[in-house]
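When reading the values below, keep in mind they use all heavy atoms of this one structure, side chains included, and skip hydrogens, waters and symmetry mates. Remember, it's a predicted structure, so these values are computed and weren't measured experimentally. Each residue takes its place number in the sequence, starting with 1.
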Amino acid sequence: MVMEMILAAAIVGGTGLLLGLFLGVADKKFKVEIDEKEQLVREQLPGNNCGGCGYAGCDAMAKAIAKGEAPVDGCPVGGAPAAEKIAAIMGQEAGESIHMVAFVKCAGTCEKAKEKYNYYGVTDCEMMEFVPAGGPKTCQYGCLGHGTCEKVCPFDAIHVVDGVAVVDKEKCKACGKCVARCPRRLIELVPYDNRYLVRCASKDKGKQVMQACEAGCIGCKKCQKECPSGAITVEGNIAHVDTEKCTNCGTCASVCPRGVITGPVSKEA
């Protein structure tokens, strides 16, 4: 009986020893070396995993930065503060970082944008592709107002107000998710400090625009003629502001007969 117990204990002990040796060898053989810089960079990233940097989350972004495949200021959510810390880790200069926010190129609210019929279906902009005439609004370029952008924003920075998506630029982190999901490509990233932008994307001629919306650009070129810095041009029946040239003087907004030139709107302003 005693011998049997000793034998059983020896077998169990031997098995444990062999298993331990196997795990030890396997750990050394398959051990993944982690770059210290990668770990330090990851600690400076916000952890939202929003994909705004173009990578599949903060871990992937940190790895790319550590390898020199991504810029130190590539995280739009972390912004300048994160860029400075990451640059110090990588032994680089952060450079100047421009604070960007999302901007919706439409001012066609329920009062201003005309509709062809009443819609009572699924409230999702991407579904409008399957709806007659691409949705009820007469303008085929304007905001559909069904909140696809609102649903994908991880920062609660965009909401549909009176039929049009409105960005709270104090909450916006410029991750670009709303830009990617808007089926009409109405949202773009612009400098936070730029006050004058065109809230319209219609390429129709003036007469058609006036029939469809009270807040549409008619391509009259008054803004282009009066801009002292040459920052605004009209192409394809729509005005466009060059944010690098714009000095925020407000001349374009003051001469616009339709009142469609304005800056990013804060919901709480």
Side-chain angles (χ1 to χ4, degrees), residues 96-115 137-145 149-150 153 157-174 176 178-179 182 184-269:
E96 185 179 359
S97 180
I98 299 176
H99 184 180
M100 306 291 280
V101 292
F103 173 71
V104 182
K105 298 180 288 185
C106 181
T109 60
C110 294
E111 289 183 358
K112 296 177 180 179
K114 296 180 175 63
E115 294 189 344
K137 287 188 176 181
T138 303
C139 176
Q140 297 300 298
Y141 301 92
C143 178
L144 292 161
C149 54
E150 181 178 338
C153 178
I158 188 166
H159 295 273
V160 175
V161 180
D162 196 17
V164 176
V166 176
V167 177
D168 182 341
K169 68 177 190 176
E170 304 306 325
K171 290 184 178 180
C172 180
K173 303 299 182 183
C178 58
V179 177
C182 176
R184 290 195 167 173
R185 302 292 181 262
L186 281 176
I187 309 175
E188 62 183 20
L189 298 181
V190 300
Y192 174 94
D193 294 327
N194 196 277
R195 294 171 55 192
Y196 299 100
L197 298 160
V198 182
R199 295 190 69 196
C200 181
S202 176
K203 294 179 177 62
D204 288 339
K205 292 183 179 180
K207 184 178 179 180
Q208 291 173 284
V209 173
M210 294 178 74
Q211 291 174 342
C213 182
E214 295 176 17
C217 174
I218 57 176
C220 66
K221 296 188 178 182
K222 285 187 177 181
C223 52
Q224 179 177 309
K225 294 173 184 176
E226 298 296 330
C227 178
S229 59
I232 189 163
T233 54
V234 177
E235 296 179 5
N237 301 316
I238 185 74
H240 174 74
V241 176
D242 185 334
T243 56
E244 293 186 0
K245 292 182 179 179
C246 181
T247 60
N248 287 327
C249 70
T251 300
C252 56
S254 67
V255 300
C256 177
R258 306 281 286 174
V260 298
I261 304 179
T262 183
V265 179
S266 173
K267 183 178 64 175
E268 300 173 353

Taking all heavy atoms of [X] and all of [Y], pick out the closest pair and write down the distance.
{"X": "Cys217", "Y": "Ile238", "result": "CB-CD1, 3.6 Å"}
{"X": "Gln211", "Y": "Lys114", "result": "O-CD, 3.0 Å"}
{"X": "Phe103", "Y": "Val190", "result": "CB-CG2, 3.7 Å"}
{"X": "Cys143", "Y": "Cys106", "result": "N-SG, 3.3 Å"}
{"X": "Tyr192", "Y": "Glu170", "result": "OH-OE2, 2.7 Å"}

From [X] [atom1] over to [Y] [atom2], what is the distance, rounded to the nearest 0.5 angstrom?
{"X": "Glu188", "Y": "Cys182", "atom1": "CD", "atom2": "SG", "answer": "11.0 Å"}
{"X": "Ser202", "Y": "Met210", "atom1": "OG", "atom2": "CE", "answer": "12.5 Å"}
{"X": "Met100", "Y": "Thr243", "atom1": "CE", "atom2": "OG1", "answer": "6.5 Å"}
{"X": "Lys222", "Y": "Ile232", "atom1": "NZ", "atom2": "CD1", "answer": "13.5 Å"}
{"X": "Cys249", "Y": "Arg195", "atom1": "SG", "atom2": "CZ", "answer": "9.5 Å"}
{"X": "Leu189", "Y": "Ile98", "atom1": "CG", "atom2": "CD1", "answer": "12.0 Å"}

Would you sort out whether Asp168 and Ile158 count as a side chain to side chain contact (heavy atoms under 4.5 Å, CB included), showing the intermediate values?
CA-CA 6 Å; Asp168 182 341; Ile158 188 166; over 6 Å; no

For the side chain of [X] and the backbone of [Y], is there at least one donor-acceptor N/O pair under 3.5 Å apart?
{"X": "Lys137", "Y": "Leu144", "value": "no"}
{"X": "Asn237", "Y": "Lys203", "value": "yes"}
{"X": "Asp162", "Y": "Thr109", "value": "no"}
{"X": "Asp242", "Y": "Thr233", "value": "no"}

With a cut-off of 3.5 Å and sequence neighbours excluded, list every side-chain donor-acceptor pair involving residues 252-261.
unit_1, atom_1, unit_2, atom_2, d
Ser254, OG, Thr251, O, 2.7
Arg258, NE, Gly216, O, 2.9
Arg258, NH2, Cys213, O, 2.4

Carefully, step by step, assess His240 and Glu235 under the rule side chain to side chain contact (heavy atoms under 4.5 Å, CB included).
CA-CA 8 Å; His240 174 74; Glu235 296 179 5; over 6 Å; no

